[in-house]
Amino acid sequence: MAHIAGQQLFDPSQRILLAVSGGVDSVVMAHLFKQAGLPAGIAHCNFQLRGDESVRDEQFVQQLAASLDLPLYTTRFDTDAYTKRHNVSIQVAARELRYQWLEEIRQQEGYSYIATAHHMQDSVETALMNFCKGTGIAGLHGILPKQERIVRPLLFADKEVLIAYAALHRIEFVEDSSNITDKYTRNFFRHQIIPRMQEVFPAAVKNMDNSVQRMREAEMLYQESVARHRKRLLFCKDNTFMVPVLKLQKTVPLQTIAWELFKDFGCSVAQLQQVLQLLHSESGRYVETATHRIIRNRSWLLITPVAQTDAPVHVLDAPPAHITYDNGQLHIRQQERGQASIPTAPEVAWLDAAKVSFPLILRRWKQGDYFYPLGMPKKKKISRFLIDQKLSLPEKEKVWVIESAKRIIWVVGMRIDDRVKITTGTENILAIELKTRD
């Protein structure tokens with residue numbers, strides 16, 4: 001109870017759903033909850049990976065719940081099928097299935113939290129494995145006592161203490177044969193690495209646990225500092241994040257702050273150095289991560305989602321018509337020339353209807369495209385035209401064109417083609433208006 005109160009895990013009046021496998025850790029946890037008079041229920045997952053042994057565990061937990069007079073919830077998973085369907089390992093599949101189901105039961109049955117029986121060794125093993133993986137400071141805090149709706153009330157306890165408690169109170173439990181093999185990474189650390197460390201430092205687990213707890217507090221200070229740097233370095237405009245190059249160049253420590261800035265945009269450890277090289281490159285250079293593109297554009301690094309290529313072409317029928325696409329809506333109508341002045345707003349294109357044939361094609365511009373910009377007698381590549389307009393790479397990727405009879409008649413929202421402009425001989429006007437998204 002002291003650990004629960006000290007870590008502010010939950011209020012003693014709240015109902016807690018206990019994840020119980022049948023092993024010594026979770027069985028002792030169930031007994032402790034019952035002894036303390038805490039309202040609880042038991043949940044057990046049968047992953048059907050160990051044949052008769054999995055059935056034995058399920059039956060044991062059923063008997064345990066009955067003996068403790070606690071509500072019981074059980075389920076069976078086709079874990080092998082899940083691994084194939086989602087292309088994940090057995091360990092990942094079991095974890096995802098387990099926590100998804102536990103959360104469903106928690107919500108359906110009105111429990112406040114899910115309790116797992118992770119103990120001191122589990123936390124130390126996690127920190128060691130993360131240290132070997134190079135996950136950074138966030139991986140060195142071990143298993144947290146509380147994460148959203150999951151609590152770990154046994155993190156204070158040494159594994160040997162739990163075994164001794166079970167022996168003293170004659171508490172029965174079952175052994176999972178998969179815990180014996182070194183096939184899984186955690187078991188290798190549990191059976192090979194940590195025992196060797198304890199040969200030199202008998203109190204290694206306890207000492208490392210103390211360090212892990214201090215690391216949790218150090219991480220709090222670290223995150224506060226990162227938040228301050230993020231506030232002064234990361235800005236958002238529309239769907240684009242922006243980082244000022246000069247400010248980032250002067251930031252200390254550069255590597256750490258840069259990693260914290262860019263990791264949320266799909267940047268891997270290996271790509272971080274490529275991103276930092278953009279601080280000294282010319283405009284237009286970029287690094288594409290798994291989810292975003294980080295682009296050097298003058299005095300900024302621009303971060304935009306990787307462009308989607310779905311539905312790149314739309315067909316526009318004869319007026320009146322309208323169509324919705326990525327940048328907004330296009331409204332098309334035909335009218336007589338009349339005496340009205342030609343609008344100058346870039347969102348409106350007035351074209352000589354006699355020089356335009358339907359259907360029109362609306363698509364993204366591509367390399368090699370060209371047109372005759374209004375007022376110019378010579379053709380110009382759109383790529384060059386966009387450079388002259390001083391557009392950044394993300395802005396260029398949002399540019400669409402309309403073509404008629406395989407020739408571009410409007411760079412949408414920017415410039416019409418000189419060959420379809422209104423002249424004194426124009427009788428009918430094809431008016432196209434762009435209404436952008438708010």
Asks: Any side-chain to backbone donor/acceptor pair from Asp369 onto Lys366? Under 3.5 Å, distance only.
Replies: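 Present.
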Asks: Do Ile90 and Asp80 have side chains that approach each other closer than 4.5 Å (heavy atoms only, starting at C-beta)?
Replies: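 Contact flag for Ile90/Asp80 side chains = yes.
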Asks: Can any side-chain N or O of Trp365 pair as donor or acceptor with the backbone N or O of Lys396 at less than 3.5 Å?
Replies: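 Pair found, side chain donor or acceptor close to backbone of Lys396.
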Asks: Tell me, yes or no, whether the heavy-atom count around Glu336 atom CD, taken from other residues, nucleotides or ligands under 6.0 Å, exceeds 12.
Replies: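 Open.
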Asks: Quick one: salt bridge (charged side-chain N to carboxylate O under 4.0 Å, His left out) pairs with a partner in residues 110-125, sequence neighbours left out?
Replies: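 Listed once each, the pairs are Asp122-Arg190, Glu125-Arg186, Glu125-Arg190.
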Asks: How many angstroms lie between atom CD1 of Ile416 and atom CZ of Phe371, to the nearest 0.5 angstrom?
Replies: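 Result: 9.5 Å between the selected atoms.
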Asks: Run the numbers on Asp264 and Arg230 for side chain to side chain contact (heavy atoms under 4.5 Å, CB included), then give the verdict.
Replies: CA-CA 12 Å; Asp264 293 336; Arg230 187 178 282 115; 4.0 Å; yes
Asks: So which heavy atom on Val212 is nearest to which on His141, and how close?
Replies: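 Between these two residues, the closest heavy atoms are CG1-O, 3.2 Å.
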Asks: Do Gln255 and Gln273 have a side chain donor and acceptor closer than 3.5 Å?
Replies: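 Yes, a side-chain donor-acceptor pair sits under 3.5 Å.
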Asks: Quick check on Tyr99: does its OH atom have over 12 non-hydrogen neighbours (other residues, nucleotides or ligands) under 6.0 Å away?
Replies: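 For Tyr99, atom OH is crowded (more than 12 foreign heavy atoms under 6.0 Å).
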Asks: I need the Glu219 CD to Leu144 CG distance, nearest 0.5 Å.
Replies: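 So the CD of Glu219 and the CG of Leu144 are separated by 7.0 Å.
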Asks: Work out which heavy atom in Val348 is nearest to a heavy atom in Pro343; give both atom names and the distance.
Replies: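 Residues Val348 and Pro343, closest heavy atoms: CG1-CG, 3.7 Å.
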Asks: Would you check if His280 and Gln249 make a side-chain contact, meaning some heavy-atom pair closer than 4.5 Å?
Replies: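 Yes, at least one pair of side-chain atoms sits under 4.5 Å.
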Asks: With a 6.0 Å cut-off on ring centres, are Phe265 and Phe241 close enough?
Replies: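 Yes, ring centres under 6.0 Å apart.
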Asks: Within the supplied structure, the quantity of interest is the number of heavy atoms (other residues, nucleotides, ligands) at a distance under 6.0 Å from Gln108 CD; does it exceed 12?
Replies: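 Yes - once you tally the heavy atoms of other residues, nucleotides and ligands closer than 6.0 Å, there are more than 12.
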Asks: Over all heavy atoms of both residues, which pair between Ser123 and Ile143 is shortest? Give the atoms and the distance, please.
Replies: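 Where Ser123 meets Ile143 most closely, the heavy atoms are OG-N, 3.1 Å.
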Asks: Distance-only criterion, 3.5 Å: show the donor-acceptor pairs between side-chain atoms of residues 402-409 and protein atoms not counting sequence neighbours.
Replies:
residue : atom : partner : partner atom : Å
Glu403  : OE1  : Arg363  : NE           : 3.0
Glu403  : OE1  : Arg363  : NH2          : 3.0
Ser404  : OG   : Ser357  : N            : 3.0
Ser404  : OG   : Ser357  : O            : 2.9
Ser404  : OG   : Ser357  : OG           : 3.3
Arg407  : NH2  : Lys355  : O            : 3.0

Asks: Would you call the rings of Tyr113 and Phe10 parallel, tilted or perpendicular, where under 30° means parallel and over 60° means perpendicular?
Replies: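 Geometry flag for Phe10 against Tyr113: tilted rings.
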Asks: When rounded to the nearest 0.5 angstrom, what distance separates OG in Ser54 from CG in Asp176?
Replies: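 Here the interatomic distance stands at 8.0 Å.
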Asks: Under 3.5 Å, is there a donor-acceptor pair between the side chain of Arg76 and the main chain of Asn46?
Replies: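 No.
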Asks: Report, as yes or no, whether the 6.0 Å neighbourhood of atom CZ on Phe131 holds more than 12 heavy atoms from other residues, nucleotides or ligands.
Replies: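 No, not enclosed.
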Asks: Quick one: does Val205's side chain get under 4.5 Å of Lys159's, heavy atoms only?
Replies: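 Not touching, per the 4.5 Å side-chain cut-off.
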Asks: Between NE2 of His44 and CG of Asp57, what distance do you get to the nearest 0.5 Å?
Replies: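 Interatomic distance, His44 NE2 to Asp57 CG, rounded to 0.5 Å: 5.5 Å.
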Asks: Got a sec: does the CG of Asn87 have more than 12 other heavy atoms crowding it under 6.0 Å?
Replies: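 No, not enclosed.
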Asks: Walk me through whether Leu330 and His314 qualify under side chain to side chain contact (heavy atoms under 4.5 Å, CB included).
Replies: CA-CA 11 Å; Leu330 287 176; His314 299 275; over 6 Å; no
Asks: Got Thr240 and Glu395 here, is their nearest side-chain heavy-atom distance under 4.5 Å?
Replies: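 Counting from C-beta outward, Thr240 and Glu395 never come under 4.5 Å.
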Asks: Working note: Leu434 + Tyr325, criterion side chain to side chain contact (heavy atoms under 4.5 Å, CB included); need CA distance, chi angles, decisive distance, verdict.
Replies: CA-CA 10 Å; Leu434 169 65; Tyr325 74 114; 3.6 Å; yes
Asks: For Lys381, does the NZ atom have more than 12 heavy-atom neighbours from other residues, nucleotides or ligands under 6.0 Å away?
Replies: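 No, because the 6.0 Å sphere around NZ of Lys381 holds 12 heavy atoms or fewer from other groups.
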Asks: For Lys263, what residues pass the side chain to side chain contact (heavy atoms under 4.5 Å, CB included) criterion, not counting sequence neighbours?
Replies: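 Once residues adjacent in sequence are excluded, the partners of Lys263 under the side chain to side chain contact (heavy atoms under 4.5 Å, CB included) criterion are Trp259, Glu260.
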Asks: Describe, in one word, how the ring planes of Phe77 and Trp101 are oriented to each other, choosing from parallel (under 30°), tilted (30 to 60°) and perpendicular (over 60°).
Replies: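 Judged by the thresholds at 30° and 60°, the geometry between Phe77 and Trp101 is perpendicular.
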Asks: Please report the shortest heavy-atom distance between Asn130 and Gly139, naming the atom on each side.
Replies: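 Smallest interatomic distance, heavy atoms only, reads ND2-O, 2.9 Å.
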Asks: Hey, does Leu351 have a side-chain heavy atom less than 4.5 Å from the side chain of Lys421?
Replies: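 Counting from C-beta outward, Lys421 and Leu351 never come under 4.5 Å.
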Asks: Let me confirm one number: the CD-CG distance from Gln277 to Leu272, rounded to the nearest 0.5 Å.
Replies: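 Going from CD on Gln277 over to CG on Leu272, the span is 10.0 Å.
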Asks: Under a 3.5 Å distance rule, please check whether Arg296 uses its side chain to pair with a backbone N or O of Leu278 as donor and acceptor.
Replies: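 Yes, the answer is positive, given that a donor and an acceptor are paired below the 3.5 Å cut-off.
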Asks: So does Glu103 pair up with Arg106, basic N to acidic O under 4.0 Å?
Replies: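 Yes, this pair counts.
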Asks: Which heavy atom of Ala127 sits nearest a heavy atom of Leu140, and at what distance?
Replies: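 Between these two residues, the closest heavy atoms are O-CD2, 3.9 Å.
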Asks: Between Val412 and Val399, is a side chain to side chain contact (heavy atoms under 4.5 Å, CB included) present by the stated rule, with each step listed?
Replies: CA-CA 7 Å; Val412 179; Val399 173; over 6 Å; no
Asks: Is there a donor-acceptor contact under 3.5 Å from the side chain of Ser283 to the main chain of Arg298?
Replies: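 Yes, the answer is positive, given that a donor and an acceptor are paired below the 3.5 Å cut-off.
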Asks: To the nearest 0.5 Å, what is the distance between OG1 (Thr291) and CD (Glu288)?
Replies: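 Thr291 OG1 to Glu288 CD: 9.5 Å, rounded to 0.5 Å.
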Asks: Take atom CD of Glu148 as the centre, draw a 6.0 Å sphere, and report whether it contains more than 12 heavy atoms from other residues, nucleotides or ligands.
Replies: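 No, the 6.0 Å shell around CD holds no more than 12 heavy atoms from other groups.
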Asks: I'd like to check Leu38 versus Ile4 (side-chain heavy atoms, cut-off strictly below 4.5 Å). Are they in contact?
Replies: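 A side-chain contact under 4.5 Å exists here.
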Asks: Under 3.5 Å, side chain of Thr251 to main-chain N/O of Lys247, donor-acceptor pair present?
Replies: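 A pair under 3.5 Å: yes.
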Asks: Could you point out which residue of Gln7, His119, His3, Gln147 forms a side-chain hydrogen bond (donor to acceptor under 3.5 Å, both in side chains) with Arg152?
Replies: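 Checked Gln7, His119, His3, Gln147 against Arg152; only one passes side-chain hydrogen bond (donor to acceptor under 3.5 Å, both in side chains): Gln147.
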Asks: Taking Asp352 for the side chain and Val420 for the main chain, is one N or O donor matched with an acceptor at less than 3.5 Å?
Replies: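 Looks like no, no N/O pair under 3.5 Å.
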Asks: Between the side chain of Thr79 and the main-chain N/O of Phe47, is any donor-acceptor distance below 3.5 Å?
Replies: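 Checked: pair present.
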Asks: If we only count heavy atoms from C-beta on, is the Phe262 to Val287 side-chain gap below 4.5 Å?
Replies: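 In short, these two side chains do not touch, never coming nearer than 4.5 Å.
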Asks: If you count every heavy atom of other residues, nucleotides or ligands that lies below 6.0 Å from Arg85 atom CZ, does the total exceed 12?
Replies: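 Yes - once you tally the heavy atoms of other residues, nucleotides and ligands closer than 6.0 Å, there are more than 12.
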Asks: Do Leu9 and Ile16 come close enough that some side-chain heavy atom pair is under 4.5 Å?
Replies: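 Leu9 does not reach Ile16 side chain to side chain.
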Asks: Which heavy atom in Gln14 sits nearest to a heavy atom in Pro39, and how many Å separate them?
Replies: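 Gln14 and Pro39 have their closest heavy atoms at O-CG, 3.4 Å.
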Asks: Any sub-3.5 Å donor-acceptor pair from Lys435's side-chain atoms to His331's backbone N or O?
Replies: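 No, Lys435 side chain to His331 backbone: no donor-acceptor pair under 3.5 Å.
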